[in-house]
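Below, chain A is the first sequence line, B the second, and so on; all start at residue 1. Note that the coordinates shown come from a computational prediction; the quantities given were computed from them, not determined experimentally. Excluded from the calculations below are hydrogen atoms, water molecules and symmetry mates; all remaining heavy atoms, backbone and side chain alike, are included.
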Number of protein chains: 2
Amino acid sequence: MKGNELDRRVLKTRQAINEALFSLMEEKRYNKITIQDIIDRANVGRSTFYSHFATKDELLFSSVEDELEILNQYIKSYIEYDGEKPRVNSVMELFEHIQEDSKIVKGLFKTESADFFFEKVEIYWNHRLEEYLQSKLPLGKNPKVPIKILTNHISSTLINLLKWWVNNNMSYTPSQMDQYFRDLINPCIDSVFYNDSTKS
Amino acid sequence: MKGNELDRRVLKTRQAINEALFSLMEEKRYNKITIQDIIDRANVGRSTFYSHFATKDELLFSSVEDELEILNQYIKSYIEYDGEKPRVNSVMELFEHIQEDSKIVKGLFKTESADFFFEKVEIYWNHRLEEYLQSKLPLGKNPKVPIKILTNHISSTLINLLKWWVNNNMSYTPSQMDQYFRDLINPCIDSVFYNDSTKS
DNA sequence: ATTAAACTGAACAAAGTGTTCAGTAATGAA
DNA sequence: TTCATTACTGAACACTTTGTTCAGTTTAAT
């Protein structure tokens, strides 16, 4: 065992700890889970835990990194430009992914610390959206609402829909949720960019 | 001191504890504040604290109850019905209130536990909005998006705007923010109730 | 002055955190 | 198989925080 490749034992141990955390999150709130709970569930020594993670939050974040990467990827096919109007594209695959992966996600959505996760998702999405909308701004038009507020609105609407859906037993299909998302956002994009006559 | 009126000392003590918490929240995260911190700042004995509040969360919630009541009141003038279309009404006063009261609110918005607060606001607002929209549903029309999802969208959009605003140094006026809110929501209400032709 | 309620703060038990370290187990290389 | 290395174990420890208890003190109404 001299090679610089990671010992498989290490990965196995980390995964056991990881799974113990999410298993526990199905039973109680993240804040109430102790490190003792985790190492008992994972069958791992106390010092082993601390050799891998300095704090519980660090464990949570590391557990969630892959999920974060996946969600970030979805944003890339998130907007289309049909030559005339920017519109949000289908996010059905995102909802489908959440549905399949609901074990990790359900725990995460219950976590009080979930916000640190969604914050990261939102920051990435906002960045992408802003880049896109800025570059496609109709010349000579001033958006009725600042771009930063609009992008923030779009991201948080999607995240909010996801949360609502998960917390209401996913009682609509991914396809329906996708449609609802676009019904909520596209008229608003139209109005912000093109419709100067909307009274309010 | 036999009367059944509350001792003024009690109120004074509770207020001292209360103010200590919010004073501390300007300096560090709620999770990192210990009860020892609070009683030191409030100049109050340990057992006094526990005679008033069982936990730190209970203190936070009690501190925030008045604020909650105020925010709930704003929702009541939140929607108008002009005889033809339901539309969100001005929420400028809400933004103005937040601006004036920013001491308590800023601390609250930083709190990881803020969500328990906004959840309560959202539940109340959703309830009111749903009641309203249901009763005013245009006959013979089916909304494109379920009412519950729409109400949830409206509430969370407003809360999200508030959060964004506070976290970005309130760099727009309450009047502007009010306008942005309506620009984001009204086209979407129109579309959900009246426009069957929005392609997506 | 008397009295009842509120506050004080030290002492305590319990639970959790994070570190240390001597010992054990696993594994790749010789 | 043996050896060396690295990872894991778990008991012991110091430290922090929590929440309770209680004897004594302060406050203020009567």
A.B. asks: Show me the side-chain donor-acceptor pairs of residues 45-52 of chain B shorter than 3.5 Å, one per line, residues at least two apart or across chains.
C.D. replies:
{"from": "B:Arg46", "atom 1": "NH1", "to": "B:Gln36", "atom 2": "OE1", "distance (Å)": "3.2"}
{"from": "B:Ser51", "atom 1": "OG", "to": "B:Thr48", "atom 2": "O", "distance (Å)": "2.7"}

A.B. asks: Just to confirm, is there a sub-4.0 Å distance from OP1 or OP2 of C:dA26 to any side-chain nitrogen or oxygen of A:Arg8?
C.D. replies: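 The answer is no; no side-chain N or O of A:Arg8 sits under 4.0 Å from OP1 or OP2.
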
A.B. asks: Starting from C1' on C:dT8, measure out to CZ on B:Arg9 and report it in whole angstrom.
C.D. replies: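 About 12 Å, once rounded to whole Å.
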
A.B. asks: For DNA chain C, which residues of residues 38-45 of chain B approach it to below 4.0 angstrom with any heavy atom?
C.D. replies: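 The stretch gives B:Asn43, B:Val44, B:Gly45 as the residues lying under 4.0 Å from the strand, ordered by number.
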
A.B. asks: The criterion is side chain to side chain donor-acceptor pair (under 3.5 Å); which residues satisfy it with B:Arg41, sequence neighbours excluded?
C.D. replies: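 Side chain to side chain donor-acceptor pair (under 3.5 Å) check on B:Arg41 returns B:Ser23, B:Glu27.
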
A.B. asks: Using the side chain to side chain donor-acceptor pair (under 3.5 Å) criterion, which residues pair with B:Thr13? Sequence neighbours excluded.
C.D. replies: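 With sequence neighbours excluded, B:Thr13 shows a side chain to side chain donor-acceptor pair (under 3.5 Å) to no residue whatsoever.
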
A.B. asks: Please determine, for the side chain of A:Thr48, which listed nucleotide (D:dT9, C:dA5, D:dA7) has the closest atom?
C.D. replies: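 My answer, after comparing the listed nucleotides, is D:dT9.
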
A.B. asks: Quick test: give all pairs of protein nitrogen or oxygen and nucleotides 18-22 of chain D nitrogen or oxygen below 3.5 Å, distance rounded to 0.1 Å.
C.D. replies:
{"from": "D:dT18", "atom 1": "OP2", "to": "B:Ile35", "atom 2": "N", "distance (Å)": "3.1"}
{"from": "D:dG19", "atom 1": "OP2", "to": "B:Tyr50", "atom 2": "OH", "distance (Å)": "3.2"}
{"from": "D:dG19", "atom 1": "N7", "to": "B:Arg46", "atom 2": "NE", "distance (Å)": "3.3"}
{"from": "D:dG19", "atom 1": "N7", "to": "B:Arg46", "atom 2": "NH2", "distance (Å)": "2.9"}

A.B. asks: Tell me the closest heavy-atom pair linking B:Ile98 and B:Leu71, and the distance in Å.
C.D. replies: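 Between these two residues, the closest heavy atoms are CD1-CD1, 4.4 Å.
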
A.B. asks: Not counting sequence neighbours, list each pair that qualifies as a salt bridge (charged side-chain N to carboxylate O under 4.0 Å, His left out) and has a residue in residues 117-127 of chain A.
C.D. replies: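 Residue pairs with at least one partner in residues 117-127 of chain A: there are none.
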
A.B. asks: Just to verify, what does A:Glu130 make a salt bridge (charged side-chain N to carboxylate O under 4.0 Å, His left out) with, not counting sequence neighbours?
C.D. replies: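 Here the qualifying residues are A:Lys148.
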
A.B. asks: Sequence neighbours excluded, which residues qualify as salt bridge (charged side-chain N to carboxylate O under 4.0 Å, His left out) partners of A:Lys28?
C.D. replies: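 Listed in chain order: A:Asp37.
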
A.B. asks: For residues 156-166 of chain B, which side-chain N or O atoms pair as donor and acceptor with protein atoms under 3.5 Å away, sequence neighbours left out?
C.D. replies:
{"from": "B:Ser156", "atom 1": "OG", "to": "A:Asn160", "atom 2": "ND2", "distance (Å)": "2.9"}
{"from": "B:Ser156", "atom 1": "OG", "to": "B:Asn152", "atom 2": "O", "distance (Å)": "3.1"}
{"from": "B:Ser156", "atom 1": "OG", "to": "B:His153", "atom 2": "O", "distance (Å)": "3.4"}
{"from": "B:Thr157", "atom 1": "OG1", "to": "B:His153", "atom 2": "O", "distance (Å)": "2.7"}
{"from": "B:Asn160", "atom 1": "ND2", "to": "A:Ser156", "atom 2": "OG", "distance (Å)": "2.9"}
{"from": "B:Trp165", "atom 1": "NE1", "to": "B:Tyr172", "atom 2": "O", "distance (Å)": "2.8"}

A.B. asks: How does DNA chain D look in dot-bracket form if you count Watson-Crick and G-U pairs under 3.5 Å, write [ ] for pairs that cross, and put | where a base pairs with another strand?
C.D. replies: ||||||||||||||||||||||||||||||

A.B. asks: How many Å lie between CD1 on A:Ile17 and C1' on D:dC8, as a whole number?
C.D. replies: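 Checked: the CD1 to C1' distance equals 11 Å.
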
A.B. asks: Is NZ or CZ of A:Lys56 both nearer than 6.0 Å to the six-membered ring centre of A:Phe61 and within 45° of the ring axis?
C.D. replies: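 No.
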
A.B. asks: How many whole angstroms separate atom CD of A:Glu58 from atom P of C:dT17?
C.D. replies: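 Interatomic distance, CD of A:Glu58 to P of C:dT17: 15 Å.
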
A.B. asks: Output the rounded distance in Å from CZ (B:Phe49) to P (C:dA6).
C.D. replies: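 Computing the B:Phe49:CZ to C:dA6:P distance gives 18 Å.
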
A.B. asks: Would you compute the distance between atom CG of B:Leu21 and atom OG of B:Ser63 and round it to the nearest 0.5 angstrom?
C.D. replies: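 Reported to 0.5 Å precision, the distance equals 5.5 Å.
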
A.B. asks: Can you sort out the partners of B:Asp178 under side chain to side chain donor-acceptor pair (under 3.5 Å), two or more places apart, ordered by chain and number?
C.D. replies: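 Partners of B:Asp178 by the side chain to side chain donor-acceptor pair (under 3.5 Å) criterion, ordered by chain and then number, come out as B:Ser90, B:Arg182.
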
A.B. asks: Taking atom C1' of C:dA6 as reference, at what distance in whole Å does atom CZ of B:Arg14 sit?
C.D. replies: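 Taking CZ of B:Arg14 and C1' of C:dA6, I get 13 Å after rounding.
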
A.B. asks: For the pair made of CG in A:Leu11 and C1' in D:dC8, what is the distance, rounded to whole Å?
C.D. replies: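 In whole Å, D:dC8 C1' and A:Leu11 CG are 15 Å from each other.
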
A.B. asks: A:His52 side chain N/O closer than 4.0 Å to the phosphate oxygens (OP1, OP2) of D:dC8?
C.D. replies: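 So the side chain of A:His52 is within the cut-off, an N or O lying under 4.0 Å from OP1 or OP2 of D:dC8.
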
